[in-house]
Amino acid sequence: MFLCLANAKKRLPLLSSFPFSSSSSIDRITTKLRPFPDYSPRKPTINDADLVRDLTTALKQRRSEPLRRILAPFAQRFRPDHLLWAFSYLRSDLPLAFSLLHWCRSRRHPIPAEALAIAAHLSVASRNLEFARQLLREGLQSHSRFVEQVIYTYKHWCSNPYVFDLLFRAFVDAGRLSESRSLFFHLLSYGITISTDSCNALLSHLAVDEIQAAFTEFPESGLRWNVVSYNILIHSLCQVRKLEEAHGFLVKMEDKDGVLPDVITYSTLIDGYCKSGELQEALKLLSEMSSKGLNPNSFTYNSLITLLCNDGNVVEAERLFMQMLSYGIAPDAAVYTSLINGYSKKGNLFAMHRLFTEMKTAGHAPDAVTYTVLISGLCSNGKMLEANEMFVEMLSKGLTPDEVTYSTLIAGYCKEGKMEKAFHLHNEMLHGGLLPNVVTYTTLCDGLCKQGQVEAANELLHEMCGKGLVLNVCTFNSLINGLCKAGNMDQAVKIMRDMEAAGLAPDIYTYTTLMDAYCKSDDMDQARLLLKEMLDKGLQPNVVTFNVLMNGFCGLGMLEDGKMLLKWMLEKNIRPNATTYNTLMKHYSIDKNMKAASETYKGMLALGLIPDENTYNILITGHCKSRNMKEACYYYSEMVSKGFNLRKSSYNALIKLLFRKKKLQEATRLFEEMRAMKFVADKEVYSIFIDVNYNEKNVQAVLELCDEVVEKCYVSDHFPATFVYAIPFTSFETTHPTYHCFRLKKNNFLPEEDNIASIIESVEPGFFHFNTGLVIFQSLQNHNGSIHYAFVIEKLGCQHHIETSKCREVAFLLKINYDETIIFFICKFL
DNA sequence: GTAGGGTTAG
């Protein structure tokens, strides 16, 4: 069963008892003011009165003695409500009153609401605001009708209205927002208005619509919002991308309310525009604020720098950074971090390190976010060793990694397919008291899916739901991708429909993923249907969507449709990228239509697109296959000059072509280079050089290459070296005789009859013509007890015995021409 | 009591 989607949709906690209706407050204001009640404490009994009088007298007279000793004689008879009367006696001696309260609390007596209220009033009156705040918090926590007690005791004990501000704040701090609002209006009836500062504290906890409601409703009671209030409102509107409204308030605050916007107001709105990618609007505001004499600061610039970096325009971002410096605005760690991130996302690790050094030199200590950015850059560029070193460095600096840092590292390991390491980190974060978040889980889920473990991914997501985390669209897209790659299209589509039904809208990733899967299963009709559905929903396809379709059309040989698609893209003003063109070129090259490939390449350049490594590799392999050595060499030298590298297939193709065109020296150089780059050459390429060396009677080189090709091309997870006793090596279709290479790996083990059978089984079918009895292994025992291996070339009826008793390893190179007779074989004793 | 930088999917 796949995920139940009941809790898929993220719901904001609703303040249901928080109806901001403006009519009710008007009624309240017109109501006549209520006076505060007169306080009349309960009358004590004679015994209680005596006890309290004796106790307070003792406290006053013996104040140098330890409290516990003074109060010991009263401890048995003392009740918490004695505090109420004691406070009257100690009103002029507050430290004693509070000591008594502490003593009472230390005896685990619950403090009556009335006593807490009185103590809070006394604290406010004596300007001990922090203590008052604590008392009010305690009162709210432990008594349901505490507010009434504060009001009831107010007139007699304090008459400082600030106590209500503190009470209001205590509600806000406790997250009891609707009660704080009720308190606001309740107090109006007594003529008390909560301060704007405290109302701002409430605002900063509210959702945007609630803030807006409060904005109209609260001033009806005479409250005046200040610049901070507007900043909170504007920030909140920006967060929900209501930029026009936010901008409207920037104008209104000054024009209608006479509240002047400050740097924060402008920076907030500028950031809003930046987050929406509206650079021009942001820049307009930047000049507007300057013209008003408001100086942009590092916050202001950072928003702009971040936007430029996200657009991939790091150069412009750094230019802005320099401008900021030239204006004497000091950068901070955040600004450096943004730039570092910009370069890391571009894959420019050199510039990333450069800025990191610059930042430290300028005296800005990198923080956990900076390190996370660095780690992220290293991870996404496949530098996991360095990423891990950076993580260790971060720890050594005493910085604490958080969920984001861990998720970043986990994503790095997932990308490498190292799921064990990824889960190890996941456990490490749990041990460190960190809770993996939805991103962590999505990352792990994606990693599992990419390893083909969709079921495990599904289980993981169930675990995640069980922890109360809500799946987001990325999570579903990962799972959908996993199902697609596992060929389970029906389930993938079902998940999409389910998420839709649960109110989580599939996005461009969802559609592109599914379209890609349909394209790859040659179902262009379904892909087209999805494209239509997506367009109908108003989702705009982007370059990736088009690339997926391009790949689909081209993969089916529908190159004309591919060309049309490119045209359509350009019409829709969606800028193709190198991948778009590479796909077309690749398929032209597969079709051996290098003319069309070259034209496509020209079109790409005409559009100002920069060819990437892939572009060159496609052109080179294509021209090689078409035996256009000149063109292949031209693109090769151009790519080298741009610092790009050949990939494996291009090396192989180019080497073969060079060899064919008798450019042995060039071919050899590339073969050496390719091996130095740790690429594995084709068996065919190995055969070329084995043959070349054989012809040059360079037996040592022949054997080395034989060993290498066996090691690299035949020994694999399925054929571990220790279990593969004989590995055939064969190759190409040329005029060369076929080589067979056998490598017998021995650990003082000699094949028994049974093992010979397994040798035979392990041999690639079709080559080792055992059935026809072409080549047989035998182990024979000599009369002196030493064991021989024997090749029996049955067809030829001759046997070759090799003494192996002294050998750990034997390599053979057999050169057989099936049509004629055996030509030679070489054995190598190690 | 208010603003900026980091993690996930095609």
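Order of the sequence lines sets the chain letters (A, B, ...), proteins ahead of strands, with each chain counted from 1. These numbers come from a predicted model, not from an experiment.
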Do the side chain of [X] and the base of [N] come within less than 3.5 angstrom through a donor-acceptor pair of N or O atoms?
| X | N | value |
| --- | --- | --- |
| A/Asp332 | B/dG4 | yes |
| A/Asp367 | B/dG5 | yes |
| A/Thr513 | B/dG10 | no |
| A/Thr443 | B/dT8 | no |

Gap between atoms [atom1] and [atom2], on [X] and [N] respectively (whole Å):
| X | N | atom1 | atom2 | result |
| --- | --- | --- | --- | --- |
| A/Leu378 | B/dG6 | CG | C1' | 14 Å |
| A/Tyr509 | B/dT8 | OH | C1' | 10 Å |
| A/Leu250 | B/dA3 | CG | P | 16 Å |
| A/Tyr371 | B/dG6 | OH | P | 18 Å |
| A/Tyr301 | B/dG4 | OH | C1' | 14 Å |
| A/Met390 | B/dT7 | CE | P | 15 Å |
| A/Leu539 | B/dG10 | CG | C1' | 13 Å |
| A/Tyr273 | B/dA3 | OH | C1' | 16 Å |

**Item:** Aromatic contact, A/Tyr413 with A/Phe423 (centres under 6.0 Å)
**Value:**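 Aromatic pair excluded; centres sit 6.0 Å or further apart.
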**Request:** Determine whether the aromatic ring centres of A/Tyr406 and A/Phe391 lie less than 6.0 Å apart.
**Result:**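 Yes, the ring of A/Tyr406 comes within the 6.0 Å limit of the ring of A/Phe391, centre to centre.
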Checking all strands, does [X] fall into the base, sugar-phosphate, or nothing category for heavy-atom contacts under 4.0 angstrom?
| X | result |
| --- | --- |
| A/Thr545 | base |
| A/Thr337 | base |
| A/Leu514 | nothing |
| A/Val335 | base |
| A/Thr370 | base |
| A/Ser338 | sugar-phosphate |
| A/Ser229 | nothing |
| A/Asp197 | base |
| A/Thr196 | nothing |
| A/Val544 | base |
| A/Asp402 | base |

Nearest listed nucleotide, side chain of [X], among [options]:
| X | options | value |
| --- | --- | --- |
| A/Ser303 | B/dA9, B/dG4, B/dT2 | B/dG4 |
| A/Phe299 | B/dG5, B/dT8, B/dA3 | B/dA3 |
| A/Asn231 | B/dT2, B/dA3, B/dG5 | B/dT2 |
| A/Arg169 | B/dG1, B/dT7, B/dG5 | B/dG1 |
| A/Asp507 | B/dG5, B/dG6, B/dA9 | B/dA9 |
| A/Thr408 | B/dG4, B/dG6, B/dT7 | B/dT7 |

Within less than 4.0 Å of OP1 or OP2 of [N], is there a side-chain N or O belonging to [X]?
| X | N | answer |
| --- | --- | --- |
| A/Lys450 | B/dT8 | no |
| A/Lys485 | B/dA9 | no |
| A/Asn341 | B/dG5 | no |
| A/His235 | B/dG4 | yes |

**Prompt:** Should the pair A/Glu254-A/Lys292 be classified as a salt bridge under the 4.0 Å nitrogen-to-oxygen rule?
**Reply:**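 Salt bridge between A/Glu254 and A/Lys292, a charged N being under 4.0 Å from a carboxylate O: yes.
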**NZ/NE/NH1/NH2 to OD/OE distance under 4.0 Å, A/Asp271 and A/Lys275** =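 A salt bridge is present here (some side-chain N lies under 4.0 Å from a carboxylate O).
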**Message:** Let's go through A/Asn226 and A/Asn200 carefully: what are the C-alpha distance in whole Å and the side-chain angles of both, what is the deciding distance for side chain to side chain donor-acceptor pair (under 3.5 Å) to 0.1 Å, and is it a yes or a no?
**Reply:** CA-CA 9 Å; A/Asn226 61 18; A/Asn200 286 342; 3.1 Å; yes
**Request:** Check the side chains of A/Thr370 and A/Asp367 for a donor-acceptor pair under 3.5 angstrom, ignoring hydrogens and angles.
**Result:** yes
**Message:** Whether the side chain of A/Ser287 engages the backbone of A/Lys284 through a donor-acceptor N/O pair (distance < 3.5 Å, no angle test) should be reported.
**Reply:** yes
